[in-house]
Amino acid sequence: MGEAREALAMASTPSPPPGSSLTPPKIPFDLHVANREKLLKSIRSHLSDSSRPPQGFVLLQGGEEKNRYCTDHTELFRQESYFAYLYGVREPGFYGAIDIATGNSILFAPRLPAEYAVWLGEIKSLSHFKERYMVSMIYYTDEIAQVLCDQYGGSGKPLLFLLHGLNTDSDNFSKPAEFQGMEKFDTDLTTLHPILTECRVLKSDLELAIIQFANDISSEAHVEVMRKTRVKMKEYQLESMFLHHTYMYGGCRHCSYTCICATGGNGAVLHYGHAAAPNERILEDGDMALLDMGAEYHFYGSDITCSFPVNGKFTSDQTLIYNAVLEAHNAVISSMKPGVNWIDMHKLAEKTILESLKKGSILVGDVDDMMAKRLGAVFMPHGLGHFMGIDTHDPGGFLKNLQRMERPKEPGLKSLRTIRDLKEGMVITVEPGCYFIDALLTPALESSNTSKFFNQETIGRFKSFGGVRIESDLHVMANGCKNMTKCPRETWEIEAVMSGAPWPLEKTATNSANGKG
Ligand code: GLY
Ligand code: MN
Ligand code: MN
């Protein structure tokens with residue numbers, strides 16, 4: 001073969017797309033079989049403990065597709081999270097049941113009109129759904145009452161365990177299933193929610209593998225964004241690069257939440273990036289960027305924040321604030337293990353940050369005194385972290401009757417999304433931050449309680465600093481925890497990656513000798 005022909009043959013050989021070391025994993029539907037088995041075991045054990053018969057059905061209604069206001073624009077559907085947990089069903093309009101006596105799982109699919117095949121594609125058979133979602137039985141949604149009455153082996157009206165309970169982050173209630181013929185059943189609205197929520201709190205190995213992939217692709221995308229960030233870009237260009245990378249190489253069509261791409265002073269706006277503040281500022285030389293972005297894969301998410309100087313080089317003030325937060329992040333991770341209480345971790349993060357601010361001559365006085373006056377909440381008004389899984393703010397942080405579950409009232413602590421003791425199998429974010437928020441700083445500077453702690457000569461320098469947050473996703477293990485997020489964290493790692501070094505950094509004689517390899 002001539003050289004030119006050989007080169008052409010090589011060029012036409014299919015190869016994986018350049019740009020990522022990752023491949024999206026096969027969707028593991030057996031994960032949801034295991035989730036259903038876990039629920040069945042928990043609910044049977046609960047019924048047995050309360051001397052109730054192991055009979056009746058768990059019944060959940062899946063999510064419905066929605067249109068944009070009065071138009072025919074259909075919003076991209078994402079399954080309701082509890083339904084996703086138990087069935088992994090992607091399509092709207094389903095119901096799902098579990099027969100507590102037999103353990104059988106039953107899906108009910110919507111009966112689609114013939115027109116569906118013209119506009120939306122093939123109408124899939126019931127057996128297709130039965131096989132794909134690995135359930136024992138499949139029927140149409142207009143058969144729910146009949147099927148459940150026929151399947152019921154007990155006496156009297158069949159009992160339905162429906163999902164009704166408070167989401168303690170949103171203060172909204174989950175919607176119990178409704179269907180034609182419900183009057184033929186007795187319903188229990190209190191038993192299922194706490195039991196199913198607790199199942200979601202402790203992750204299985206199959207769930208952890210998916211969360212790990214969402215973390216891997218999102219960590220890689222953060223590194224990509226870091227490398228390509230340039231002064232004078234717009235914030236939305238950083239968002240766009242993240243979305244492209246996670247979709248292009250990870251097949252992630254959904255994000256876990258709206259991307260926060262804050263630079264300069266916007267870093268002090270905790271939930272920046274919403275419709276009224278849509279990531280559109282121009283990056284200026286000397287700014288910090290605070291990028292909170294996480295992709296979702298097969299319902300399971302990631303929640304990651306990286307903070308870095310947009311020009312690739314930390315100033316001394318940026319180093320001071322960044323390292324204060326990094327020290328808090330690392331101190332918490334080093335202390336995390338089963339039994340540790342989350343309020344204590346929050347306070348550890350606050351104290352570590354206050355100590356660094358004192359060392360950096362931004363604050364003066366006794367750190368315990370600052371803690372007593374809740375000064376930590378001026379710089380970190382949000383909670384240290386939250387459970388994460390199918391929802392970014394996964395439920396279960398304040399389950400009733402499980403532990404002392406009163407929400408604290410003090411500044412900072414009142415924002416915590418959980419106050420529980422850690423348990424093996426939890427996935428929880430660690431996301432300390434230090435922000436210079438006018439609306440908190442000005443009153444703190446004026447208050448007779450707290451003004452004495454500020455060094456008036458230095459604090460002025462930080463008025464338009466914005467903020468730093470470092471956020472990783474942690475899996476609590478038997479003797480500690482594992483950081484599932486793999487982003488550059490040390491200032492020198494960030495500077496190296498931003499100036500073109502590979503990530504993970506290759507070990508060199510110098511950085512190994514520094515203990516940095
Ligand atoms: N990205 C939302 C959060 O960090 O909780
Ligand atoms: Mn978070
Ligand atoms: Mn976040």
Side-chain angles (χ1 to χ4, degrees), residues 78 81 167-171 200-201 203 211 214-215 217-219 221-222 225-226 235 238-239 242-243 246 252 254-263 266-275 277-279 288-297 300-308 325-326 328-329 332-333 336 342 345-346 349 377 379-398 412-420 422 426-435 437 466-476 481 483-487 489:
R78 196 280 201 175
S81 297
N167 180 306
T168 52
D169 294 308
S170 66
D171 269 345
R200 285 180 58 184
V201 169
K203 271 66 180 178
I211 297 172
N215 258 273
I217 192 70
S218 300
S219 298
H222 269 281
V225 173
M226 243 178 228
E235 291 165 337
L238 314 187
E239 174 177 18
F242 179 86
L243 298 176
T246 53
C252 300
H254 294 277
C255 272
S256 308
Y257 49 91
T258 305
C259 292
I260 298 172
C261 295
T263 61
N266 293 337
V269 181
L270 298 178
H271 286 169
Y272 184 73
H274 55 92
N279 294 332
M288 280 297 286
L290 183 164
L291 307 186
D292 186 346
M293 309 186 284
E296 175 180 305
Y297 186 76
Y300 287 88
S302 58
D303 185 4
I304 299 175
T305 309
C306 292
S307 298
F308 57 89
V325 177
L326 183 61
H329 170 269
V332 167
I333 291 174
M336 282 171 63
W342 199 240
M345 292 297 95
H346 181 98
F379 296 98
M380 185 174 84
H382 60 70
L384 174 65
H386 49 84
F387 296 149
M388 201 212 59
I390 293 182
D391 289 311
T392 311
H393 299 155
D394 231 18
F398 286 87
L413 303 178
K414 71 180 178 200
S415 304
L416 279 164
R417 296 179 189 277
T418 185
I419 56 168
R420 291 177 61 170
L422 296 181
M426 286 175 171
V427 171
I428 190 161
T429 66
V430 171
E431 50 180 300
C434 179
Y435 316 87
I437 305 172
V468 165
R469 175 161 68 253
I470 301 174
E471 178 173 26
S472 300
D473 302 341
L474 277 298
H475 166 211
V476 182
C481 64
N483 193 340
M484 304 178 89
T485 305
K486 297 168 186 163
C487 294
R489 291 309 197 191

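Just so you know, ligand 1 is whichever comes first in the structure, and atom 1 is the first atom listed for that ligand. If you're wondering where the values come from, they're calculated on a predicted model, not measured in any experiment.
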Compare Thr305, Thr392, Asp292, Thr429 and give the one whose heavy atom is closest to atom 1 (N) of ligand 1. Asp292

Using distance alone, with no hydrogens and no angle criterion, decide if His393 and Tyr257 have a side-chain donor and acceptor under 3.5 Å apart. no

Any idea which protein heavy atom is nearest atom 5 (O) of ligand 1, and the distance to it? His393 NE2, 2.7 Å

Does the shortest distance from the Mn ion (ligand 2) to an N/O/S atom of His386 fall below 2.8 Å? yes

Tell me, please, if Glu471 has any N/O/S atom, main chain or side chain, under 2.8 Å from the Mn ion (ligand 3)? yes

Could you find the nearest protein heavy atom to atom 3 (C) of ligand 1 and give me its residue, atom name and distance? Asp303 OD2, 3.2 Å

Asp303: which N/O/S atom is nearest the Mn ion (ligand 3)? OD1

What distance do Arg469 atom CZ and Leu291 atom CG have between them, rounded to the nearest 0.5 Å? 10.0 Å

With distance as the sole test, does Ser256 use its side chain to make a donor-acceptor pair with the main-chain N or O of Ala295 at under 3.5 Å? yes

The reported gap from CE in Met293 to CG in Leu243 (rounded to nearest 0.5 angstrom) is 8.0 Å

I need the atoms of ligand 1 closer than 4.0 Å to a non-hydrogen atom of His386, numbered in the order shown. 3 (C), 4 (O), 5 (O)

Among N, O or S atoms, Glu431 approaches the Mn ion (ligand 2) most closely through OE2

Just how far is it from atom CG of Asp303 to atom CD1 of Ile211, taken to the nearest 0.5 Å? 11.5 Å

Look up atom CZ in Arg200 and atom OG in Ser81, then write down how far apart they are to the nearest 0.5 Å. 5.0 Å

